[in-house]
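Please read these numbers as outputs of a predicted model, since none were measured by experiment. One-based numbering, in listed order, for ligands and for the atoms of each.
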Amino acid sequence: MSSNSFGKIFTVTTFGESHGPAIGCVIDGCPPGLAIDESEFRNDLDRRATGKSRHTSQRREADDVEILSGVYEGRTTGTPIALLIRNTDQRSKDYGDIVNTFRPGHADYSYWQKYGIRDPRGGGRSSARETTMRVAAAVIAKKWLAERHGVRVRGYLAQLGEIAPQGFDWAAVEQNPFFWPHAAQVPALEKAMDALRKSGDSVGARVNVVADGVPPGWGEPIYGKLDGDLAAALMSINAVKGVEIGDGFAAVAQRGSEHRDEMSPAGFASNHAGGILGGISTGQAVTASIALKPTSSILIPGHSVNLAGEPVEVVTKGRHDPCVGIRATPIAEAMMALVLMDHALRHRAQCGDVGEVSPRLA
Ligand SMILES: Cc1cc2nc3c(=O)[nH]c(=O)nc-3n(C[C@H](O)[C@H](O)[C@H](O)COP(=O)(O)O)c2cc1C
């Protein structure tokens, strides 16, 4: 009802606010026997974390995961897994000015209209701090998907404002703070971000995410389509304004002769569909792309209204990302992994007896 839970079999419920004492999640439906320990959350949480470079918010959270339940002697038991992260770097006074003001581009006004009360500290529940728990839950999903099916979910920044990659190498992505796939452009990105920060403004971004190794058959027709669930999951990330699967909106200008992915005994000749046909995976890479809006909290004054409906000028202080898309890459990967994990288990539940049918194309 209140939509804080996600998934049908691999179910993740998150709780917590940006400036509360802790955030957490409960994962229900995880298969038993998966080896997992607290240190395995470090890498992805660090990839999402703030304060790692001068190009993201300087809020510094340790993001240490505590496993409270569902794991015994290093293995999942099949019972609910509760994960907790204590918030350690809240500076609520940074947000004192906005208690009576609706910041443009934020959820302040819509939350107020819905609930008639709001926690203004750091955006409360609407803060992207909540996505930390999605990334944590997805560490488990990614590990199970990799071990059980050889699935690998990876993302990268595919556009920063007007700047697009001029080359592509997966190896470059983890070597720079932007998740950028072309190392030679990184100095130019740093320069652009420094100039942007100085100007007090922000930019949008595009993040691409790709899952390799997904077997054919995952996803359900009609209301449980893999692409439908993926689109909803990616759209649920803060600041996402657009989602594309495969070629997405480029399909508008394509011909059928170009877009349909022809098949031969050697496999598919192309992947315009993004690895999904009829809502069900084809065995090709599952590809998606998201558009993130520019950060709303900027130093440039903007017009709004206060609780009394009077006109006010808003300048957002506090620590903010000049481009929220930079840190969205691990979050997009997480949402893709959570959807795939859920659909893997759903497929196993209904169609596990079907087994492998031929022909199976690459
Ligand atoms: C990783 C990440 C970090 C974010 N950090 C900020 C931020 O520092 N300042 C800000 O104004 N918005 C930030 N946002 C976006 C807001 O959370 C979001 O715009 C706001 O809650 C309104 O929701 P909506 O844009 O999805 O409609 C961030 C989003 C993501 C994905």
Problem set entry | Any S296 heavy atom less than 4.0 Å from ligand 1 |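 Judged by the 4.0 Å heavy-atom criterion, S296 does count as contacting ligand 1.
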Ignoring angles and geometry beyond distance, decide whether [X] reaches within less than 3.5 Å of ligand 1 through its nitrogen or oxygen atoms.
| X | value |
| --- | --- |
| K241 | no |
| R327 | no |
| A239 | yes |
| S127 | no |

Problem set entry | Of all pairs that satisfy ring pair (Phe, Tyr, Trp, His ring centres under 6.0 Å), the ones with a partner from residues 121-166, not counting sequence neighbours |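 Passing the test, one end in residues 121-166: W144-H149, H149-W218, Y156-F168, Y156-W170.
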For this session: Check which hydrophobic residues are tied to L307 through side-chain heavy-atom contacts below 4.5 Å, counting indirect links as well, and list them.
Result: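 Once heavy-atom contacts under 4.5 Å are chained together, L307 belongs with F102, Y109, W112, V305.
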Exercise. Looking only at side chains, do R206 and S289 share a donor and an acceptor under 3.5 Å apart?
Worked result: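 Note: R206 and S289 side chains meet the donor-acceptor criterion.
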Exercise. Will you find, in the side chains of D321 and T295, an N or O donor that is under 3.5 Å from an N or O acceptor?
Worked result: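 No.
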Per-atom contacts, ligand 1 versus [X] - under 4.0 Å to a heavy atom:
| X | result |
| --- | --- |
| H106 | 10 (C), 11 (O), 12 (N) |
| T295 | 7 (C), 9 (N), 10 (C), 11 (O), 12 (N) |
| I331 | 1 (C) |
| K293 | 19 (O), 24 (P), 25 (O), 27 (O) |
| A128 | 2 (C), 3 (C), 4 (C), 17 (O), 28 (C), 29 (C), 30 (C) |

Exercise. What are the two closest heavy atoms between Q254 and D247, and how far apart are they?
Worked result: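 It is NE2-OD2, 2.7 Å.
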Exercise. Hey, what do you get for CG (N306) to CG (N100), rounding to the nearest 0.5 Å?
Worked result: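 Here the interatomic distance stands at 7.0 Å.
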Exercise. Does Q113 CD have over 12 foreign heavy atoms under 6.0 Å away?
Worked result: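 Counting neighbours around CD of Q113, more than 12 heavy atoms of other residues, nucleotides or ligands fall under 6.0 Å, so yes.
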